[in-house]
Amino acid sequence: MKKNKQLGFATRSIHSGQEPDPLTGAVTVPIYPTSTYVQQGIGENKGYEYSRGENPTRTRLEENLAALEGGVAARVFASGMAAIHAVVSMLKAGDHIVCGNDLYGGTPRLFNHVMADFGLKFSYIDTTDAVNVERALRKNTKMVYVETPTNPLMRLSDLAAISAICRREKVALAVDNTFMSPYFQQPLALGADLVVHSTTKFLNGHSDGLGGVVVCAREDHAEKLAFLQKAAGAILSPFECWLVLRGVKTLAARMEIHDRSGRIVADFLAKHKKVKKVLYPGLPDHPQHALARRQMSGFGAMITFDTGSLKNANKMLKRVRVCSLGESLGGVETLISHPATMTHSGLGAKGRAAIGITDGMVRISVGIEDVDDLLEDLDQALSAI
Ligand SMILES: Cc1ncc(COP(=O)(O)O)c(C=O)c1O
């Protein structure tokens with residue numbers, strides 16, 4: 001076989017780290033539900049000593065995800081939040097982190113209510129303009145942390161421009177790539193140092209397990225994160241690693257359908273008379289449509305739209321039948337949610353107003369059902385308004 005880098009994305013997702021089992025020829029990676037490994041003598045082993053440190057199913061998943069993001073290594077964790085926690089645990093008290101002001105709500109919750117007590121300093125800024133990032137850097141800034149597109153406002157950050165600043169100032173750039181998946185966006189190729197995913201979403205793709213990953217461009221980061229896996233122990237179980245290995249095999253195929261249907265649903269909503277506004281980078285009136293075309297190879301499945309009020313949003317959400325009302329995203333099924341009372345309730349009314357999240361906003365993660373069924377369902381639900 002050609003080397004990983006020369007193989008296409010879909011081929012890598014199916015074969016990288018997923019080679020047939022050398023012992024039996026099994027075409028799927030075996031699940032190794034073992035806590036420990038027999039050693040041949042003192043200091044003599046087959047590379048595995050204790051499963052908090054290393055597990056063969058996990059090794060295979062980490063190889064696979066590193067190949068998909070183009071990193072030197074990947075480290076998987078028990079959830080997306082555990083992965084983000086590991087990223088900021090690489091820093092020490094007094095270090096400063098510049099963050100986007102429109103991150104997934106759980107991330108500022110971790111930063112402000114846990115990590116700040118350990119002496120980390122955070123600034124939240126509008127990273128849609130790279131100049132703001134440059135201005136926010138301090139002497140003690142060690143990391144810039146962004147999500148693009150953001151959740152739920154679908155704002156983009158210019159990764160090439162931000163990474164040029166970070167490189168010049170010797171600051172690490174970490175990017176949460178959950179919304180796009182490596183299929184549509186490759187932050188490491190644009191100069192980022194670390195890529196984070198909640199594998200719970202598109203990488204797993206079937207809404208049947210939580211998980212997180214950090215993919216590294218640098219060996220020193222990969223080593224530190226492996227140390228944190230062993231030291232802190234928030235690792236992904238062999239069974240859940242296997243679920244992601246299985247899910248990721250269809251990532252390319254799923255993302256194509258997510259993207260195709262995402263564009264159709266966004267167009268439909270943009271023309272619907274009950275919808276006030278649609279936020280989707282694929283729409284030509286999105287303020288950063290040109291950047292989206294340049295930085296991403298698809299627009300994806302995530303759409304936010306405004307129904308005008310909390311009352312309207314509630315009426316509509318009660319009526320959906322094919323779409324399921326629930327938190328999360330990236331599964332084969334269409335999930336629809338209400339950011340103000342769900343993912344972003346922790347920000348408070350003032351915090352939401354400050355960044356532009358309204359009570360009428362609804363977020364949809366377009367699944368891979370027949371798109372006509374989705375349009376019909378949305379139409380009948382919107383007719384309740
Ligand atoms: C963009 C993003 N990052 C991180 C997370 C956290 O991931 P997890 O729920 O797997 O801990 C989420 C969860 O919704 C998310 O949407």
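Each ligand, and each atom within it, is numbered from 1 in the order the structure gives.
Salt bridge absent: R135 and D129 never bring a charged side-chain N and a carboxylate O closer than 4.0 Å. Taking 4.0 Å as the cut-off between side-chain N and carboxylate O, D95 and K142 count as a salt-bridged pair. A salt bridge does not link D359 to K311: none of the charged nitrogens lies less than 4.0 Å from a carboxylate oxygen. Salt bridge status for R58 with E62: present, with a side-chain N to carboxylate O gap under 4.0 Å. A salt bridge is absent between R352 and D102; no separation between the charged side-chain nitrogens and carboxylate oxygens falls under 4.0 Å.
Not a single N or O atom of I84, backbone or side chain, sits closer than 3.5 Å to an N or O atom of ligand 1. On a distance-only criterion, G80 and ligand 1 share at least one N/O pair closer than 3.5 Å. The shortest N/O to N/O separation between D176 and ligand 1 falls below 3.5 Å.
Summary of contacts: the protein heavy atom closest to atom 15 (C) of ligand 1 is Y104 CG, 3.6 Å. Atom 11 (O) of ligand 1 has as its closest protein heavy atom M81 N, 2.9 Å. Nearest protein heavy-atom contact of atom 13 (C) of ligand 1 is K201 NZ, 3.1 Å.
Residue contact check: S79 has heavy atoms under 4.0 Å from atoms 10 (O), 11 (O) of ligand 1. Atom numbering of ligand 1 starts at 1 in the shown order; those under 4.0 Å from a heavy atom of N151 are 16 (O).
The side chain to side chain contact (heavy atoms under 4.5 Å, CB included) check on T28 picks up W242, K249, with sequence neighbours excluded.
For T199, no heavy-atom contact with ligand 1 is shorter than 4.0 Å.
Note on ligand 1: G211 sits in its first shell, one or more heavy atoms being nearer than 4.0 Å.
When all heavy atoms of V362 and A313 are compared, the pair lying nearest together is CG2-CB, 4.0 Å.
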